[in-house]
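Inspection log for the structure reproduced underneath, given as structure tokens.
Bear in mind that the values here come from a model prediction, so they are computed numbers and not experimental data.
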Amino acid sequence: MTSNRNRLWDDVLLILTMAVLAGCGLIYEYLLSHYAGRVLGIMESTIYAMIGLMIVAMGLGAFAARKIQCAFNGFVWLELTIAFLGSSSILIIGALIALTQTFPDLLGSMFNLPPDAYPRGGLFKQLSFIAFNSPYFFGLILGFFIGMEIPLIARIREEIHQKHLKNNLGTIYGADYIGAGIGAAIWVVFLLSIDISKASALTAALNLTAGVVFILYYWQRLTWRKILISAHAVLLVMIMAIYQFGNGWLNQMSNLLYLDKVVYSDKTRYQQLTFTQRNMGPNDGSIINFYLNGRLQFSSSDEFIYHSYLVSPVLAGSARHDNILIIGGGDGLALRDVLQWQPKKVTLVDLDTELINIFKHPHEKLPLELANTIEELNAASLRDERVEIISADAFIAIDKLLQTRQTFDAIIVDLPDPSHPDLNKLYSVNFYARLKQLLAGDGLIGIQSASPYHAKNAFIAIGKTVQAAGYSTVQQYHDNVPSFGEWGWTIANKMGAAPLTRLKHLTELPVSHHWLTLPMVTNAFEFSRDFYQDSETVPINYLGSHAIYQLHQQAWQDQQGLNNAHLQ
């Protein structure tokens with residue numbers, strides 16, 4: 001009876017351990033995929049590649065587990081290894097990337113080379129390639145060791161029962177599947193909202209705990225016990241340090257990748273925020289750049305060019321300006337320009353509540369000098385009493401606006417480029433058609449449309465997609481924004497005269513701008529003679545087709561030799 005009871009407790013321990021470790025394994029997949037997506041900038045394909053690679057590696061690990069002679073010792077050393085790799089991999093990846101990206105600059109500065117002579121090709125380019133793809137290497141290694149867990153626990157159960165168990169693998173796999181599901185839920189509900197270094201440390205702590213429990217419970221079956229205890233103690237200290245300081249270390253390594261001084265960095269549930277500052281001298285002040293996931297969103301030196309082209313043509317060509325809808329634009333800069341037209345109400349829809357709050361109340365989170373600059377830039381527009389902010393996914397939020405039968409005199413779409421599949425739906429026929437229902441008959445819609453130079457087909461595809469959504473006339477225009485390069489916008493009407501025709505009937509912009517003029521606007525509609533020559537081959541982006549996302553990704557991959565840090 002005592003022997004059966006002990007085996008029951010052994011089974012409970014092993015099955016619970018397997019469930020916990022399965023959850024840890026899935027979280028490691030998500031952690032590495034999530035970080036790799038930030039580094040490589042292609043979130044969807046990176047996630048699929050990482051998960052697929054780790055699954056293959058787990059299969060190889062399962063085969064390799066047969067070579068381990070003592071399952072008890074092997075399991076404890078295995079969890080020690082997984083805990084070490086799981087907690088440190090992201091920091092190592094960050095260090096490799098920072099080192100390979102900054103080393104050419106260090107050499108260039110050391111030997112006083114001109115910037116265009118910095119050593120970035122040959123060996124340095126290969127090292128940079130290896131560093132940026134190191135997440136896949138760590139995914140392969142971590143997956144290999146995770147794959148050993150099920151065979152070892154299955155062997156331990158059979159050694160304890162001293163016989164072949166008919167349903168052994170079924171029991172272990174059942175615990176594995178359930179644990180993986182719980183791990184996925186923990187990732188979505190909790191870990192996704194905290195720093196990635198803290199998430200990796202907490203997950204590694206569970207692997208370390210599993211090893212400690214095995215040491216205590218199966219003490220008599222283990223060898224090298226003092227070494228195992230010492231190794232676990234050392235790793236515990238390391239994990240605690242990573243939990244406490246890892247995010248700061250990771251930020252410092254990430255900050256090395258920026259040309260300017262990083263003055264503030266934070267992470268929301270959806271993205272990494274970074275502000276940099278470049279001092280221009282005592283008389284010229286400083287330039288503030290704002291990045292999301294490493295991609296420049298605006299520079300204080302020239303954001304007025306981008307936003308004036310986004311806002312002024314739309315409102316100048318619309319019959320009224322009483323009720324305006326802005327999709328995106330959580331930084332309040334487009335809103336600032338809209339408020340100059342004295343609307344009665346502006347509705348702004350943006351997904352990231354934390355980002356909005358930073359720009360709405362900058363003095364609550366940002367350093368004083370940076371907060372003052374941000375408040376001066378957006379003129380505290382997000383706190384204006386005429387503004388209603390809806391923090392929600394725009395794809396869903398516009399359905400609620402339609403249900404309440406709202407209409408808007410003009411609509412401005414200020415979304416990031418379609419560099420992620422989740423954004424692609426906001427560039428679809430379905431989305432633009434529903435916005436058309438919200439637009440007043442004599443109003444215009446304006447859409448930021450990426451670069452007509454770097455991403456020409458994606459730019460043309462946006463125009464064609466808007467046309468397919470049923471707008472009367474769709475036109476596009478462009479100009480140079482120094483921080484971004486050549487940039488483009490799309491404008492369309494629901495009925496009546498075309499947008500450019502309306503603008504040409506004006507003698508000047510109804511609301512004067514300190515930089516933009518009416519002739520500059522009308523001239524921006526001119527493109528080179530053959531710009532649209534092959535537009536028939538450019539696809540329309542229907543919901544689920546991912547056409548614009550794929551065109552955008554292909555365009556920027558083709559331009560890797562250029563500075564693509566300004567990708568929105």
Give a yes or no on whether the ring-centroid distance for [X] and [Y] is below 6.0 angstrom.
| X | Y | value |
| --- | --- | --- |
| Tyr427 | His552 | no |
| Phe298 | Tyr306 | no |
| Phe275 | Phe359 | yes |

Side-chain donor-acceptor contact under 3.5 Å, [X] with [Y]:
| X | Y | value |
| --- | --- | --- |
| Thr465 | Asn541 | no |
| Gln476 | Thr490 | yes |
| His363 | Asn372 | yes |
| Asp352 | Gln271 | yes |
| Tyr264 | Asp266 | yes |
| Glu486 | His478 | yes |

Please find the pair of heavy atoms, one from [X] and one from [Y], that lie closest to each other, and give the distance.
| X | Y | answer |
| --- | --- | --- |
| Ile287 | Ser301 | CD1-CB, 3.8 Å |
| Pro452 | Phe459 | CB-CD2, 3.7 Å |
| Ile540 | Ser545 | O-OG, 4.2 Å |
| Gln448 | Ala450 | OE1-N, 3.1 Å |
| Pro343 | Ile324 | CB-CG1, 4.1 Å |
| Leu516 | Ser312 | CD2-CB, 3.7 Å |

To the nearest 0.5 Å, what is the distance between [atom1] on [X] and [atom2] on [Y]?
| X | Y | atom1 | atom2 | answer |
| --- | --- | --- | --- | --- |
| Leu292 | Leu355 | CG | CG | 6.0 Å |
| Gln475 | Leu503 | CD | CG | 8.5 Å |
| Thr347 | Glu388 | OG1 | CD | 4.5 Å |
| Ser265 | Tyr291 | OG | OH | 12.0 Å |

**Report entry** Val387/Leu339 under side chain to side chain contact (heavy atoms under 4.5 Å, CB included): CA gap, chis, key distance, verdict
**Finding:** CA-CA 9 Å; Val387 178; Leu339 292 175; 4.3 Å; yes
Backbone of [Y] reached by a side-chain donor or acceptor of [X] within 3.5 Å:
| X | Y | answer |
| --- | --- | --- |
| Tyr471 | Lys436 | yes |
| Lys494 | Leu439 | yes |
| Thr501 | Ala497 | no |
| Lys456 | Ala555 | no |
| Ser535 | Tyr532 | yes |

Query raised in the report: Any idea how Phe431 and Phe395 line up, ring-wise: parallel (<30°), tilted (30 to 60°), or perpendicular (>60°)?
Result: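 Parallel.
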Requested in this report: Decide yes or no for Ile186 and Val189: does some side-chain heavy atom of the first lie under 4.5 Å from some side-chain heavy atom of the second?
Outcome: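 Contact flag for Ile186/Val189 side chains = no.
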Query - Side chain proximity check, Ile447 to Leu310, heavy atoms < 4.5 angstrom - result: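 No. Closest side-chain heavy atoms not under 4.5 Å.
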Requested in this report: May I ask you to check whether over 12 heavy atoms, not counting those of Phe129, lie within 6.0 Å of atom CZ?
Outcome: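 It does not: Phe129 CZ has 12 such atoms or fewer within range.
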Query raised in the report: Got more than 12 heavy atoms from elsewhere within 6.0 Å of CD, Gln406?
Result: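 Atom CD in Gln406 is packed in, count exceeds 12.
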Could you tell me whether [X] and [Y] have a side-chain N and a carboxylate O separated by less than 4.0 Å?
| X | Y | result |
| --- | --- | --- |
| Arg386 | Asp384 | yes |
| Glu303 | Arg336 | yes |
| Arg383 | Glu375 | yes |

**Report entry** Among Trp487, Trp489, Phe484, ring pair (Phe, Tyr, Trp, His ring centres under 6.0 Å) partner for Tyr309
**Finding:**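 Going through Trp487, Trp489, Phe484 one by one, the ring pair (Phe, Tyr, Trp, His ring centres under 6.0 Å) with Tyr309 is satisfied by Trp489 alone.
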Query raised in the report: So Ile288 and Thr276, side chain to side chain contact (heavy atoms under 4.5 Å, CB included) or not? Walk me through it.
Result: CA-CA 6 Å; Ile288 298 297; Thr276 67; over 6 Å; no
Report task. Could you check Asp409 against Ser318 for side chain to side chain donor-acceptor pair (under 3.5 Å), going step by step and ending with a plain yes or no? Result -> CA-CA 7 Å; Asp409 299 320; Ser318 297; over 6 Å; no
**Report entry** Derivation and outcome, ring pair (Phe, Tyr, Trp, His ring centres under 6.0 Å), residues Phe304 and His514
**Finding:** CA-CA 9 Å; Phe304 63 90; His514 75 277; 5.1 Å; yes
